[in-house]
Amino acid sequence: MQRRAGPKSLVLILARDLASRLATPVFLVDAEGTLVYFNEAAEAVLGRTFAESGEMQAQEWADAFSPTDESGASIPLEGLPLGIALARRIPSHRRFSIRGADDAVRTLSVTALPLTTHLDELDGAIALFWEEPAG
């Protein structure tokens, strides 16, 4: 049974609080994949603030940063770590490139985890990521 993880989900509230205190870039989505928050550290990598971005549906954020693999091929939502964590409810990790809102291309390592309160309840997912050094 999957439930709607609205803005009152304690798990998402606590995850957002944790993310806001971290120097590691963090991206947080609810059970439907709607972006509900990314922290200040993520802003530098994504090229925009969360205030500028606001909430976005899953397909919207998946497309917004134009993720590509090592060969330059587009990566669909289902192939991104957050997409996998949401759909399959398993941790996922992948290295890929994005084009930030500032038009800079960055290579990232992304690890996503599903956020579950019970085995049958998904509250959302969280991705921690870091920019790979150039070269």
Side-chain angles (χ1 to χ4, degrees):
M1 167 192 252
Q2 185 170 323
R3 67 179 173 87
R4 168 89 171 114
K8 297 195 187 291
S9 165
L10 181 58
V11 170
L12 292 179
I13 291 168
L14 293 173
R16 182 179 175 141
D17 183 59
L18 172 64
S20 72
R21 299 169 191 272
L22 294 176
T24 303
V26 176
F27 199 91
L28 182 64
V29 299
D30 69 14
E32 283 75 35
T34 301
L35 169 66
V36 294
Y37 182 69
F38 58 80
N39 65 3
E40 189 175 332
E43 292 174 356
V45 177
L46 301 175
R48 68 168 74 156
T49 66
F50 180 69
E52 294 168 329
S53 172
E55 291 191 357
M56 289 191 269
Q57 299 300 312
Q59 195 59 59
E60 188 180 357
W61 59 254
D63 293 341
F65 301 106
S66 306
T68 57
D69 64 18
E70 302 80 30
S71 68
S74 292
I75 303 172
L77 175 61
E78 305 79 39
L80 295 171
L82 270 174
I84 294 167
L86 286 169
R88 298 179 52 202
R89 298 185 186 190
I90 60 171
S92 180
H93 178 83
R94 186 169 189 176
R95 184 175 182 263
F96 57 92
S97 295
I98 64 161
R99 180 172 301 279
D102 58 359
D103 214 31
V105 175
R106 297 176 176 90
T107 301
L108 309 178
S109 284
V110 180
T111 299
L113 305 167
L115 298 173
T116 57
T117 49
H118 303 317
L119 292 177
D120 63 344
E121 290 183 7
L122 179 70
D123 282 271
I126 190 167
L128 291 91
F129 56 98
W130 52 96
E131 188 174 353
E132 296 274 332

Residues which pass side-chain hydrogen bond (donor to acceptor under 3.5 Å, both in side chains) with [X], listed by chain and number, not counting sequence neighbours:
{"X": "S109", "result": "E132"}
{"X": "E78", "result": "none"}
{"X": "S53", "result": "none"}

[X] and [Y]: which non-hydrogen atoms are nearest, and at how many Å?
{"X": "P76", "Y": "S74", "value": "CD-O, 3.8 Å"}
{"X": "A85", "Y": "A125", "value": "CB-CB, 4.1 Å"}
{"X": "P91", "Y": "P114", "value": "N-CD, 3.8 Å"}
{"X": "L82", "Y": "V29", "value": "CD2-CG2, 4.0 Å"}
{"X": "A101", "Y": "G47", "value": "CB-O, 3.5 Å"}
{"X": "R48", "Y": "F38", "value": "O-CE1, 3.4 Å"}

Side chain proximity check, [X] to [Y], heavy atoms < 4.5 angstrom:
{"X": "W130", "Y": "V45", "result": "no"}
{"X": "L28", "Y": "L115", "result": "yes"}
{"X": "I13", "Y": "Y37", "result": "no"}

Hydrophobic clusters join Ile, Leu, Val, Met, Phe, Trp and Tyr when side-chain heavy atoms are under 4.5 Å apart, directly or via other members; which others share one with I90?
->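 Via sub-4.5 Å side-chain contacts, I90 links to I84.
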For [X], what residues pass the side-chain contact (heavy atoms from CB on, under 4.5 Å) criterion, not counting sequence neighbours?
{"X": "T68", "answer": "S97"}
{"X": "I75", "answer": "P67, D69, L80, R94, F96"}
{"X": "E40", "answer": "E43"}
{"X": "D63", "answer": "Q59"}

Only pairs at least two apart or in different chains count here, so list each salt bridge (charged side-chain N to carboxylate O under 4.0 Å, His left out) that has a residue in residues 96-105.
->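 Sorted pair list: R99-D103, D102-R106.
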Using 0.5 Å steps for rounding, measure from the [atom1] atom of [X] to the [atom2] atom of [Y].
{"X": "I126", "Y": "L12", "atom1": "CD1", "atom2": "CG", "result": "9.0 Å"}
{"X": "L128", "Y": "L108", "atom1": "CG", "atom2": "CG", "result": "12.5 Å"}
{"X": "T34", "Y": "Q57", "atom1": "OG1", "atom2": "CD", "result": "3.5 Å"}
{"X": "D123", "Y": "L10", "atom1": "CG", "atom2": "CG", "result": "8.5 Å"}

Please test V110 against F27 for side chain to side chain contact (heavy atoms under 4.5 Å, CB included), starting from the C-alpha separation and ending with a verdict.
-> CA-CA 10 Å; V110 180; F27 199 91; over 6 Å; no
Mind listing the side-chain donor-acceptor pairs of residues 16-24 below 3.5 Å, one per line with the distance, residues two or more places apart or on another chain?
from	atom 1	to	atom 2	distance (Å)
R16	NH1	V36	O	3.4
D17	OD1	R21	NE	3.2
D17	OD1	R21	NH2	3.0
D17	OD2	R21	NE	3.1
S20	OG	D17	O	2.7

